[in-house]
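Down below is the structure, laid out as structure tokens.
Letters go in sequence order (proteins before strands), and every chain restarts at 1.
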Amino acid sequence: MRLSQGFFPTVKEVPSDAVIPSHQLMLRAGLMRQLAAGVFSFLPIGYAVMKKVMTIIRQEMDAIGGQEFHLPALNPIELWEETDRVKAFGDIMFHVKNRPMVLAPTHEEVITHIAKDHVKSYKAMPQIWYQIQTKFRNEPRPKSGVLRGRQFTMKDAYSMDATWQGLDKSYELHREAYKKIYTRCGLTFHIVGASSGAMGGSGSQEFMVESNAGEDNLAVCSETGYAANVEIATSLMPNAGRVEANEPLKEVHTPNCRSIDEVAAFLSMPVGRCAKSLIFMNGTQPVLVLMLGNDQLNETKLQAVFGQEIRPAQTEELLQLTGADAGSIGPVGLEGKFTIVADKRLEEANGLVCGANKNDYHLMNLDLKRDVKVQAYYDFRMVEEGEPTPDGKGKLRIVKGIEVGHIFKLGTKYSVSMKANFLDEQGKENPIIMGSYGIGVERIIACHIEQHHDEFGIKWQKSIAPYDVHLICVNMNSEAVVKRSEALYAELTAAGISVLFDDRTDASAGFKFKDADLLGMPLQVIVGEKNLKNNEIEMKDRSAGKRWNVAADVAAAEAIAFVRS
RNA sequence: CGGGGUGUGGCUCAGCCCGGUUAGAGCGCUUGGUUCGGGACCAAGAGGCCGGAGGUUCGAAUCCUCUCACCCCGACCA
């Protein structure tokens, strides 16, 4: 493609609405333009990248036996009522105003609908069905360019198996395929254990790209390979345990001591002997959660135990239910009325300080075996930077990550609610066992740029670069330079190399160089007057920032070798 | 949904507090000329009812009210 004839709206200035590098560069390099909040038009060069990413995805999905579908984004709302997800999605799902239809935010329902009619026997499985589709989600707050949009492209795949072992195998196939896809797309990523959330199912993992632009927090350890979303991450922290002296409970006056640190300091107790009480409401049932010292409660872990409806109690509820305000609340005397649970670090501990349910008073010498009946101990902790990994062999690092994929063992949630059953070898009817596997296409592009850019622009890796080579004719007034450039353009194109040829007559050399760095093709081939006088042509490896000259008559061969290496 | 911010030529922004001729700059665009290896120079142009509606006033980009859009932080995120 000749730059003089194509549509390449590059801009020098940083668009004021863009904050993160990938967003700024996708606009500046002319990959896309914003149409509305969270809605983007992809321009030719951006769509070229998207097609490359989709090709990689298709190749790897086909390699594991996936079959590509193209499913409607416009769905009858009844389909979503069958699985009760109209309610589950709530405002996130777009509803069509003048017909009882919705814009699909994902495609479990449509897939299951087809499977229900046609996958009737164990002999017809396993199946892997996938599609690359536009999805619609009415995000409350679109942000960071393409990273959180209201309309986006997703590859979603669904596996159907007759057995749970089959599901494990399908899941594993996807896991391996995804590794190949992200690796081929030039991303370094973590595979982290993830919360199953309201989607249900027996397990899920997320593919995460480490980035400050990310919205998720991950606990990772490069020595041990541990990686988990902080929502479910665990660490090896010692329990509080028991102390020798087992004194009776004693009420002490603790004026103006609200926080654990203040109480510990006032009573000259270590923070590690303080038990913090947190109150939640599970419907109408109050729940008291005991945490050790300053350990932070992980609400996702709490939800895993009590369900998604659980919420923190409000200030008025605290006073009404316990007789005290936050900071003076404790478990003693609340049995029966409250569900009392505690973090595992407090298991069987004694010699603890806790609130007395009387403002400005605390209890000392609390023994969780003697004074309170704790119904159960769970891991409720939020892990912190620097804590030992669960196997104790490494230290956790907390990093931000962008979710570029999520694989899910769905199980039978959708097949049961939509009655997608098959007959097994015994002629018995069973629900199809499903898995669901998603990849955000635009997110791959944004992450690629987040990981491969510098102050001058994008540094596309070869696999998804919109063009292989950026050929620059430095001086369009020099007949020799033009002739040489044209010859190179023809030769490279004939060799099957995709070339972006800067043959503009109205752009200065500097302008062309800046554009080339911004657009970021892996190899720049620069034909200029001075070098050509020595019968040389300059090459520039955009990623490595390396330049070198080659003899003019081997320039094409050199470029071809570079592209194919 | 709570908090903060911004809307002025295609882009980045100034002007607004303190109302007063024809609303500015740089970049980009058009034409002509000079340049030609790191976002060139000169000259001449085109392009804006200052997000929208209402109000105050002799007079509003500027003050007031409402509204819409977009961005950021938070909440939310199958």
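- Looking at the side chain of A:K530, the nearest of the listed nucleotides B:A78, B:C71, B:G37 is B:G37.
- Looking at heavy-atom distances under 4.0 Å, A:E538 makes contact with a base.
- Exactly one of A:L471, A:V482, A:I472 qualifies for a side chain to side chain contact (heavy atoms under 4.5 Å, CB included) with A:V527. That residue is A:L471.
- Proximity of the aromatic rings of A:F207 and A:Y182 is defined here by a centroid distance below 6.0 angstrom, and this criterion is met.
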Step-by-step side chain to side chain contact (heavy atoms under 4.5 Å, CB included) determination, A:E450 to A:V209: CA-CA 9 Å; A:E450 289 291 329; A:V209 168; 6.0 Å; no
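- Ring pair A:H174/A:Y437 is parallel by interplanar angle, where below 30° counts as parallel and above 60° as perpendicular.
- In this structure, OH of A:Y437 is placed 19 Å from P of B:A78, rounded to the nearest angstrom.
- A:L79 places its CG atom 20 Å from the P atom of B:A78, with the value rounded to the nearest Å.
- Under a 4.0 Å N-O distance rule, the pair A:D168/A:K409 qualifies as a salt bridge.
- Checked for salt-bridge contact, A:R175 and A:E172 meet the test: a charged N lies under 4.0 Å from a carboxylate O.
- Rounded to the nearest Å, the gap between the P atom of B:A75 and that of B:A53 is 38 Å.
- A:S144 comes within 4.0 angstrom of sugar-phosphate atoms only, judged by non-hydrogen atoms across all strands, and of no base.
- With rounding to whole Å, A:L3 atom CG is found 14 Å from B:G39 atom C1'.
- Residue A:R484 contributes atom CZ, which lies 19 Å from atom P of B:G37 at whole-angstrom precision.
- Side-chain atoms of A:Q34 lie closest to B:C71 of the nucleotides B:A78, B:C71, B:C27.
- Listed nucleotides B:C72, B:C70, B:A40 differ in distance to A:V19; the shortest reach to its side chain belongs to B:C72.
- The C1' atoms of B:U6 and B:A43 are separated by 37 Å, rounded to the nearest whole Å.
- Here, B:G59 and B:A14 have their C1' atoms 24 Å apart, quoted to the whole Å.
- Two residues, A:R150 and A:F513, neighbour RNA chain B, and the one matched to the more 5' nucleotide by heavy-atom proximity is A:F513.
- B:U30 and B:G74: their P atoms are spaced 43 Å apart (whole Å).
- Between B:C71, B:A40, B:G37, one nucleotide has an atom nearer to the side chain of A:D17 than all others, and that is B:C71.
- To the nearest whole angstrom, the two P atoms, one in B:C42 and one in B:U35, are 15 Å apart.
- Note on A:K143: only backbone sugar-phosphate atoms sit closer than 4.0 angstrom, heavy atoms only; bases stay farther off.
- Atom CG of A:D502 and atom P of B:G39 are 15 Å apart (whole Å).
- Using a 4.0 Å heavy-atom criterion, one finds that A:A37 contacts the sugar-phosphate atoms exclusively.
- The shortest distance between the side-chain N/O atoms of A:R141 and the OP1/OP2 oxygens of B:C72 is below 4.0 Å.
- B:C66 is paired with B:G52 under the criterion used here, namely a Watson-Crick or G-U wobble arrangement in which both key atom distances are under 3.5 Å.
- Residue A:R504 is out of contact with every strand shown, counting any heavy-atom pair closer than 4.0 Å.
- A salt bridge is defined here as a Lys NZ or Arg NE, NH1 or NH2 lying under 4.0 Å from an Asp or Glu carboxylate O, and A:D454 with A:R542 meets this definition.
- At a threshold of 4.0 angstrom between heavy atoms, the contacts of A:L518 include nucleobase atoms, whether or not backbone atoms are also involved.
- For A:F89, taking side-chain heavy atoms from C-beta onward, the closest of the listed nucleotides B:A78, B:G38, B:A40 is B:A78.
- For A:N475 and B:G37, a side-chain-to-base donor-acceptor distance below 3.5 Å is absent, hydrogens and geometry of angles not being considered.
- A:E13 has its CD atom 10 Å from the P atom of B:C27, to the nearest Å.
- Note on A:K540: a base of the nucleic acid sits closer than 4.0 angstrom, heavy atoms only.
- Across all strands, A:P15 comes closer than 4.0 Å only to sugar-phosphate atoms, never to a base (heavy-atom distances).
- Of the nucleotides present, B:U31 is the one that pairs with B:A43 by Watson-Crick or G-U wobble criteria, both distances under 3.5 Å.
- Nearest nucleotide to the side chain of A:K514, out of B:A78, B:G38, B:G37: B:G38.
- A:R28 comes within 4.0 angstrom of a nucleotide base, judged by non-hydrogen atoms across all strands.
- Contact check on A:E108 versus A:R85 returns a salt bridge, with a Lys/Arg side-chain nitrogen under 4.0 Å from an Asp/Glu carboxylate oxygen.
- For the P atom pair drawn from B:A61 and B:A44, the interatomic distance equals 29 Å after rounding to whole Å.
- Here the C1' atom of nucleotide B:C77 and the CG atom of A:N229 are 12 Å apart, to the nearest Å.
- Relative to the side chain of A:P140, the nucleotides B:A78, B:C76, B:G37 differ in distance, and B:C76 lies closest.
- Spacing of C1' atoms, B:G55 relative to B:U62, comes out at 15 Å, to the nearest Å.
- Regarding A:D506, its CG atom lies at a distance of 17 Å from the P atom of B:G39, rounded to whole Å.
- A close approach under 4.0 Å does occur between a side-chain nitrogen or oxygen of A:S16 and OP1 or OP2 of B:U12.
- Pair assignment for B:C58: B:G20, on the basis of Watson-Crick or G-U wobble contacts that are both within less than 3.5 Å.
- When the nearest nucleotides of RNA chain B are assigned to A:V14 and A:G528 by heavy-atom distance, the more 5′-ward of the two goes with A:V14.
- When all heavy atoms of A:Q131 and A:F69 are compared, the pair lying nearest together is CB-O, 3.3 Å.
- Across all strands shown, the partner of B:G74 is B:C1, judged by Watson-Crick or G-U wobble contacts whose two distances both fall under 3.5 Å.
- Rounded to a whole angstrom, the distance from the P atom of B:U65 to that of B:G4 is 15 Å.
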